[in-house]
Amino acid sequence: MNKKQGIIVVVSGPSGAGKGTVCKCLTDKNPGIFLSVSATSRQQAEGEIDGQTYYYLTEEDFKARIKNNEFLEWATYNGNYYGTLKEKVENQTAQGNDVILEIDVQGAMQIKKTYPHAVLVFILPPSWQELEKRLIDRNREDMEQIQKRLETARKEIPFADKYNYIIVNDDLETATKELESVITAEKVKAQSCKNIVEQFKNNI
Ligand code: ADP
Ligand code: 5GP
């Protein structure tokens, strides 16, 4: 039987909602689901690994790759460039692996145009107070940066309407299971199984 083409899952949500944490929990348990590693011009934070957390590029290099058409999508977020490298994603889906793109709302809208079958998931925190608390407790940015992220979050949250699924990340295990269920359901959608049905029809 034909191996199915992998699906593209876009995960967005305000900074601090727990996108990275939920996606890591999911991919640690599921070897067939890959988390796309984006490129960014932002500074590498403590504990982050080049090539695993992001590919860290200079702004100049990032812009050259935009010109070279190397990105599936890209956007600026709080003054830095972020983008998904085309080659990495297409290699994985062609091998039947599912790929999660953890990207902002601008990038998500670009992916929706390029891949209308991509599934879009928006992760919300349980409350605004909890979002602020998570950003502070994460201890990755100073207060000025955190305020900027919260300002951006105010603009991002209304985009949740444009997504296929909304997951509230209150309990981590529940949120991870919900994301896993979304992917399972998308993979058995009739639309995703067309080649299998065709193959069957040819052998009746
Ligand atoms: P994002 O990728 O959306 O910016 P992170 O995954 O970095 O968010 O999570 C932000 C902070 O919140 C981290 O310190 C993380 O450990 C914490 N966190 C994530 N999910 C939960 C949860 N369900 N309950 C409590 N804290 C969480
Ligand atoms: P952070 O600096 O917290 O790692 O990421 C900031 C924001 O950039 C998050 O909303 C994250 O989802 C988004 N982001 C990360 N990688 C990409 C990408 O490749 N493309 C786009 N459009 N956004 C990204």
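Throughout, numbering of the chain's residues begins at 1 and tracks the sequence.
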Minimum heavy-atom distance between [X] and [Y], given as atom pair plus value:
X: Pro116; Y: Thr114; value: CD-O, 3.5 Å
X: Ser38; Y: Thr84; value: OG-OG1, 4.4 Å
X: Leu131; Y: Gly16; value: CD1-C, 3.5 Å
X: Ile7; Y: Lys187; value: CD1-CG, 4.0 Å
X: Gln92; Y: Val99; value: CB-CG2, 3.3 Å
X: Val121; Y: Val182; value: CG2-CG1, 4.1 Å

Can you tell me how far [atom2] of [Y] sits from [atom1] of [X], rounded to the nearest 0.5 angstrom?
X: Lys19; Y: Leu35; atom1: NZ; atom2: CG; value: 11.5 Å
X: Leu135; Y: Ser15; atom1: CG; atom2: OG; value: 5.0 Å
X: Ile166; Y: Ile123; atom1: CD1; atom2: CD1; value: 10.5 Å
X: Leu85; Y: Glu87; atom1: CG; atom2: CD; value: 8.0 Å
X: Gln44; Y: Thr53; atom1: CD; atom2: OG1; value: 7.0 Å
X: Tyr54; Y: Ser41; atom1: OH; atom2: OG; value: 10.5 Å

Lys/Arg-Asp/Glu bridge criterion (N-O < 4.0 Å) met for [X], [Y]:
X: Lys194; Y: Glu198; result: no
X: Glu141; Y: Arg149; result: yes
X: Arg140; Y: Glu48; result: yes
X: Glu130; Y: Arg134; result: yes
X: Lys177; Y: Glu180; result: no

Using modelled atom types and a 3.5 Å cut-off, is there a donor and acceptor pairing between side-chain atoms of Asn30 and backbone atoms of Gly32?
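Not a single qualifying donor-acceptor pair exists.
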Exercise for review: Decide salt bridge (Lys or Arg N to Asp or Glu O under 4.0 Å) for Lys86 and Glu90; before the verdict, give the C-alpha distance in whole Å, the side-chain angles of both, and the deciding distance to 0.1 Å.
Suggested key: CA-CA 6 Å; Lys86 238 183 229 174; Glu90 288 175 351; over 6 Å; no
Atom pairs and distances, side-chain donor-acceptor, residues 152-159, under 3.5 Å, sequence neighbours left out:
from: Thr152; atom 1: OG1; to: Asn78; atom 2: OD1; distance (Å): 2.7
from: Thr152; atom 1: OG1; to: Lys148; atom 2: O; distance (Å): 3.0
from: Arg154; atom 1: NH1; to: Glu151; atom 2: OE2; distance (Å): 2.7

For this session: Please check if any side-chain donor atom of Tyr165 sits under 3.5 Å from a side-chain acceptor atom of Glu186, or the reverse.
Result: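 On atom types as modelled, these side chains qualify, holding a pair under 3.5 Å.
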Check: Does the side chain of Thr40 come under 3.5 Å of the side chain of Tyr81 through a donor N or O and an acceptor N or O?
Finding: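 No, no side-chain donor-acceptor contact under 3.5 Å.
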Test of ring centre spacing under 6.0 Å for Phe62 and Phe71
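Ring centres of Phe71 and Phe62 closer than 6.0 Å.
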Q) Does Glu173 reach the side chain of Asp171, with side-chain heavy atoms less than 4.5 Å apart? A) yes
Do the non-hydrogen side-chain atoms of Val10 and Ile103 ever get within less than 4.5 Å of each other? yes
